[in-house]
Structure formats: C-alpha cells, structure tokens
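In this text the structure is predicted, and so the values were computed from the model without any measurement.
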Amino acid sequence: MNRRQFCKTSVAAGVAATFPLLAACGDKATMAVDVDTSIAAVALDGSAIELEKAAIKELTDAMQGPVMLADHADYNSARTIWNGMHDKHPALIARCLNSNDVCNAVSFARDNNVLLAVRGGGHSWPGKSVCEGGLMLDLSAMNTVEVNADDRRAFAGGGSLLNALDNAALEHGLITTAGVVSHTGVGGFTLGGGFGRLNRKHGLAVDNLMGVEIVTADGQVRHVTAETDPDLYWAVRGGGGNFGVVTQFEFQLHPFERKLLSGSIVWPIDQIRDVLEFYGEWAQGLVDDLYVGPAILTMPDGTGVVLMEVVYSGDPVVGEKLLEPLRNIGKPIDDSVGLQDYMIMQTQEDAAFGHGIRSYAKSGMVKEFTQGLVDAMIDSYVPDPRAALFSHTAGGAVSRVGELDTAFPHRNAELMLVFAGGWMDAEDDAGGIEAIRNSYYALEPFMGGYYTNINFDGEAAAGNYGPAYDRLARIKGNVDPDNLFRLNSNVKPKI
Ligand SMILES: Cc1cc2nc3c(=O)[nH]c(=O)nc-3n(C[C@H](O)[C@H](O)[C@H](O)COP(=O)(O)OP(=O)(O)OC[C@H]3O[C@@H](n4cnc5c(N)ncnc54)[C@H](O)[C@@H]3O)c2cc1C
C-alpha cells in the first residue's frame, strides 16, 4: 500500500470508528436536502440548469434506494464505471432497488429536463452509463437472477451481471448465451445484441430474450413480450437502451453439459499466415457446436502471438476429431484445449479486463473471411501490448434469424472483429487509442457496420441499423418522443 492509500484508509477507518452511528443512519440520512436551495446540473440538451433541492428531496422520499449527491459517502464508488477513462460527476445518482424506484427516477429526469444516464453493469466502453452533471440511474442493486427450471426460464434483474446469469442457470443444468467477461452487465450486453461462446448454437442473447419488464419515458412499467407489445419487443432486441429502463429480462434456457471441450491454441506470430489462411477455409463449414475465432495479441515483452479460442459444446469425442486439422497447423506453443468446466472459460479473461483499466475499442462486422482480409491482418500487425485484435464468431444460429426479425442488424456477419486495448496510465491514452485506430482503419475495407455496444466515437446509428432504422425511429417516437434515453447509440425519435 502506498502512502496516499494508507492515509485514505486510515482516515476512513478512523472516521468509521469515531462515528459508528454514521453507518447505522442509512444512506438517506447523509444527504443534505433540508436547505431550500438548488444544485447545478446539465439539461438534456447539454445546457446548464439548476435542480431544486426540494425536488430532490421529493425524489429521495419517494425512493426506497438512496439518492446520492456529491457529498454522499458512496457517491464516488457509485459514479465509477468499468472503464477508468470516464471520470464523470453526475449531479445526482439514484440507486434503484425496484421498479417503483426506477419509475420515480425516470419521472424525475423527465420532469426536470435533466440529462439521464442508465447504468446496468457499468461496462459501457464509451462510458454512456455515467454523465457529467446529469442524473445517473444506477441499477447495480437490482442484480438477482432467478431460474424457473421447469419452464427453462431465467429472470435477471436490470443491473445483474453475466456471472450471476451463468451460475444461476448452470445450477439447473441449463444455460443461455452470455458474453466472455463475467463481470459485464446483462443489461447493456443484451439490449445491443449479446455475442457469446454459445451464439452459434443458441443465437445471440436477444434471440433468447422472451420478454422484458421496462419503464418507459412516461414512467409506466410495461410487461413486453411478442404478444403484449410486438413493436417494443422487437425494438429492445438490438436497439440498445433507447426505449426505456429494463428492470427485468426473461431468457430462454437450454439443457447444457457444463463440462465441455474448450481452451486456446496459441502460435508464435511468425506462423500467422498459416493459421489465418487455414482458418479462412476451414471456418466456412463449421458445425454450430463449434465456436472458434482468432485473436492477435502482443505480450508485455513485445512478442506477438496468434491464438484461436475454442469452445465445442457437443460430444467431446466428436469435438476432438473436428479440432484435429486446426491443431495440426504449424507448431503451437500452447494448447490448453481439454475437457473443462464452462465457467473456467467464462471467467478466464475477468482479471485481464479488470475494473479501472483505461480502455478504448472499435468493432466491425465481417461478412467473409477473405484472402484480402488475411493479408491485411498480417500486414497491419504492429507489435504493441496496448492493442489487440479479438473476434466473436457468429454464423450458425445467429445467421438463421431474419435480418429484420429483431432490431439487431448484422445477421449475415460471420465474425465480429473487436479492436481493443487497455492500459493503466492516462499518459498512454493517446498512443493506445492511435494504435487501436490504426489497426481498425487498416481492416476497415473488409468490414461493414459495427456493434452498437462498441460505439466509442459516436458513429451515427442510422446507417448501422440500415433497413431496421425507420421502424426503430417510429417506435422511439411513440415511447420516447423527447429522447430522454439519449446516452446510447442514439435513435432519433420519428414523430
Ligand atoms: C470487458 C468487456 C467485455 C465485453 N464482452 C462482451 C461480449 O463477450 N459480448 C458482447 O456482446 N459484448 C461484450 N462487451 C460489450 C458489452 O456488451 C457492452 O459494453 C454493454 O453495454 C455492457 O453492458 P452493461 O450493462 O455492463 O453496461 P452499462 O455501462 O451499465 O450500460 C451501457 C448502456 O446500456 C444501456 N443499459 C444497460 N443496462 C440497461 C437496462 N437495464 N435498461 C436499459 N438500458 C440499459 C444504457 O444505455 C447504458 O448506457 C464487453 C465489454 C467489456 C467492457
């Protein structure tokens, strides 16, 4: 522990020891709301406004969860999201404990014309779940997942994390598609599409979404399914956080054998051509049970590697046979593929993508893994431990859903490429971002469209949603005509 940390901890411990009743008073008691003044805030359009403390007190009284201003003991931890690059200070944070709290917070934002950020799991790469001067609606306490094993359904709170979803389902020998870092939020992940290691077999997260409970801009709680509200049900399956705050997600689960063939095969960078050229042909005919995608990384010592992450969710004997040709490429330096618990794979990247890392990312959809793309991947590789190229394999069940059956627009992509990197020091921001952008721009001619959830540079949503955009804009016009939910890959309301 360094001196600063030591001092902070000692002071905190000292304060807690001296004022033990502070903790017992509860969160609400620490907020100064009895003075009839206002606090500075930011409006929906970005202009400066004042929020009456009386209105904040009214919100505080109506909510079961705490409303935190800057002087609240938990304010700093509450405003902190996963990506350390986004150090923003909301005017107030409403930590919701239930749907009624969400209704109150949404109504407060609307009635007071204050900028609104919605935080699920807090993993927004571009930092959309926190805002400067606005209201941060914090769902982190709505994090439970319940499973109805008989109906094969999971009910996940709007602020739950993927590890809670995976673990709750696995307890019953069931599963649904979840992403590759277990501390990512179910909320943002699902609403944007939801790629994971089982998506070739079971589809994206949105393909398993049977319904949501959502609070819309008018403060109403709606139970949305294909039957009750086909438009909104369609829109939340890919349209991101544009339509309201989801307080509960209902997922379809599938029978699952949690021990499966999985791991990574790693080659030195000088074998990259053999590996990628082989993959380009071999990946065309993959069975749905096999998820395998390339990544190109630079180790801290500057050594480059190309690797394939493998998950085979069928009979392991069959999987071993299918993987033989891949394993016979060149001379791998590591091969960890073996029979292991699914959660080993699902948590293996948790530490590398730990909270507080400063991170930048771009993404692009690849329809065909062509020779041109292989050449460009090889030619554009520059050793830099700050920048890596990952992929999410799609195809299979993902591509069997019609282009306009959900609001997720990239059904014909075989692969999503993710250009991402992380570092701890702010001084690396410019260099790290430049390295990632260079790698992205070199491959841009081979990609079309991006992942809504990885929209760092504010790319317009309209082109990316293509033919789905008009319907999205009309639904947005119906449920959020004033664009209250705008901190996202924003769909402009069509009225
Ligand atoms: C380390 C890391 C790993 C990732 N891995 C994957 C992966 O394997 N597959 C994949 O598809 N994506 C992955 N992503 C991208 C991920 O899908 C998005 O970052 C997603 O937004 C995270 O959701 P969240 O709830 O944690 O985010 P938050 O930061 O909480 O929210 C992001 C946005 O989502 C919306 N939102 C969140 N929850 C709700 C809700 N309950 N109701 C309404 N709107 C809500 C809001 O608009 C919010 O601004 C990863 C991201 C990171 C940082």
Side-chain angles (χ1 to χ4, degrees), residues 125-126 192-193 195 199-200 204 238 267 269-286 291-298 304-309 329 359-396 398-399 403-404 408-421 430-469 489:
W125 238 305
F195 287 82
N199 62 34
R200 289 176 52 77
L204 299 170
W267 295 263
I269 199 74
D270 59 12
Q271 292 176 40
I272 187 171
R273 182 167 292 283
D274 291 345
V275 175
L276 294 184
E277 285 185 348
F278 169 81
Y279 178 80
E281 285 208 4
W282 181 69
Q284 308 290 325
L286 291 186
Y291 172 95
V292 54
I296 304 170
L297 311 167
T298 307
V305 296
V306 53
L307 67 82
M308 290 285 169
E309 195 184 270
I329 302 298
S359 185
Y360 174 82
K362 287 189 87 71
S363 65
M365 301 294 169
V366 171
K367 291 192 180 63
E368 236 187 309
F369 203 82
T370 60
Q371 185 62 46
L373 173 61
V374 170
D375 293 340
M377 285 169 91
I378 296 166
D379 294 345
S380 63
Y381 171 71
V382 176
D384 188 333
R386 293 173 303 191
L389 175 55
F390 303 97
S391 64
H392 273 286
T393 320
V398 180
S399 58
E403 194 191 4
L404 294 175
F408 176 82
H410 302 296
R411 292 289 171 182
N412 57 7
E414 280 296 314
L415 205 66
M416 170 169 70
L417 292 179
V418 179
F419 307 76
I433 290 172
E434 194 189 355
I436 294 164
R437 283 193 178 141
N438 287 344
S439 154
Y440 169 85
Y441 288 123
L443 304 192
E444 199 179 21
F446 304 95
M447 301 183 293
Y450 62 86
Y451 186 26
T452 294
N453 282 354
I454 308 180
N455 176 358
F456 216 111
D457 296 327
E459 290 94 340
N464 192 46
Y465 279 109
Y469 191 75
S489 208

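Without hydrogens or angle criteria, Glu281 side chain to Glu277 main chain gives no donor-acceptor distance under 3.5 Å.
Closest of all the heavy-atom pairs between Ser391 and Leu417 is CB-CD2, 4.0 Å. A pairwise comparison of heavy atoms in Gly192 and Phe408 identifies O-CD1, 3.6 Å as the closest pair. Across Thr393 and Val292, no two heavy atoms sit closer than the pair OG1-O, 2.9 Å. For Phe195 against Ala394, the heavy-atom pair with the smallest separation is CE2-CB, 4.2 Å. Contact record, Leu373 with Val366: CD2-CG1, 3.7 Å, taken as the closest heavy-atom pair. Of all heavy-atom pairs between Leu443 and Ser380, the closest is CD2-OG, 3.9 Å.
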Yes or no on ring-ring contact (aromatic ring centres under 6.0 Å, His included) for Tyr450 and Phe456, after CA distance, side-chain angles and deciding distance? CA-CA 11 Å; Tyr450 62 86; Phe456 216 111; over 10 Å; no

Check step by step if side-chain hydrogen bond (donor to acceptor under 3.5 Å, both in side chains) holds for His392 and Tyr451. CA-CA 11 Å; His392 273 286; Tyr451 186 26; over 6 Å; no

For Asp457 and Tyr360, run side-chain hydrogen bond (donor to acceptor under 3.5 Å, both in side chains): C-alpha distance rounded to whole Å, both residues' side-chain angles, the deciding distance at 0.1 Å, then the answer. CA-CA 10 Å; Asp457 296 327; Tyr360 174 82; 2.7 Å; yes

Side chain to side chain contact (heavy atoms under 4.5 Å, CB included) assessment of Met365 paired with Met416: CA-CA 5 Å; Met365 301 294 169; Met416 170 169 70; 3.6 Å; yes

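Using a 4.5 Å heavy-atom cutoff, the side chains of Pro467 and Leu404 are in contact. Counting heavy atoms from C-beta on, the side chains of Val275 and Met308 come closer than 4.5 Å.
Annotation: cation-pi pair Lys362/Phe419 absent, no NZ/CZ under 6.0 Å from the ring centroid and within 45° of its normal.
In this structure, the separation between OG on Ser399 and NE2 on His410 is 14.5 Å, given to the nearest 0.5 Å. Atom CZ of Phe446 and atom CG of Leu415 lie 14.0 Å apart (nearest 0.5 Å). Taking CE of Met377 as the reference point, atom CZ of Phe369 lies at 4.5 Å (rounded to 0.5 Å). Atom CD1 of Ile272 sits about 13.5 Å away from atom OH of Tyr279, to the nearest 0.5 Å. Here the CD1-CG distance, from Ile436 to Asp384, works out to 8.0 Å after rounding to the nearest 0.5 Å. Here Thr298 contributes atom OG1 and Leu389 contributes atom CG; the two are 10.5 Å apart, rounded to the nearest 0.5 Å.
Counting non-hydrogen atoms of other residues, nucleotides and ligands closer than 6.0 Å to CD of Glu368 gives a total of 12 or fewer. Applying the 6.0 Å contact sphere to CD of Glu444 captures more than 12 heavy atoms from other residues, nucleotides or ligands.
Residue Trp267 forms a side-chain contact (heavy atoms from CB on, under 4.5 Å) with just one option from Ile329, Val305, Asp274, and that option is Ile329. When each of Glu414, Arg411, Arg200 is tested with Val398 by the rule side-chain contact (heavy atoms from CB on, under 4.5 Å), just one qualifies, namely Arg411. Considering Asn453, Asn455, Thr452 as possible partners of Ser489, the one that fulfils the side-chain hydrogen bond (donor to acceptor under 3.5 Å, both in side chains) test is Asn455.
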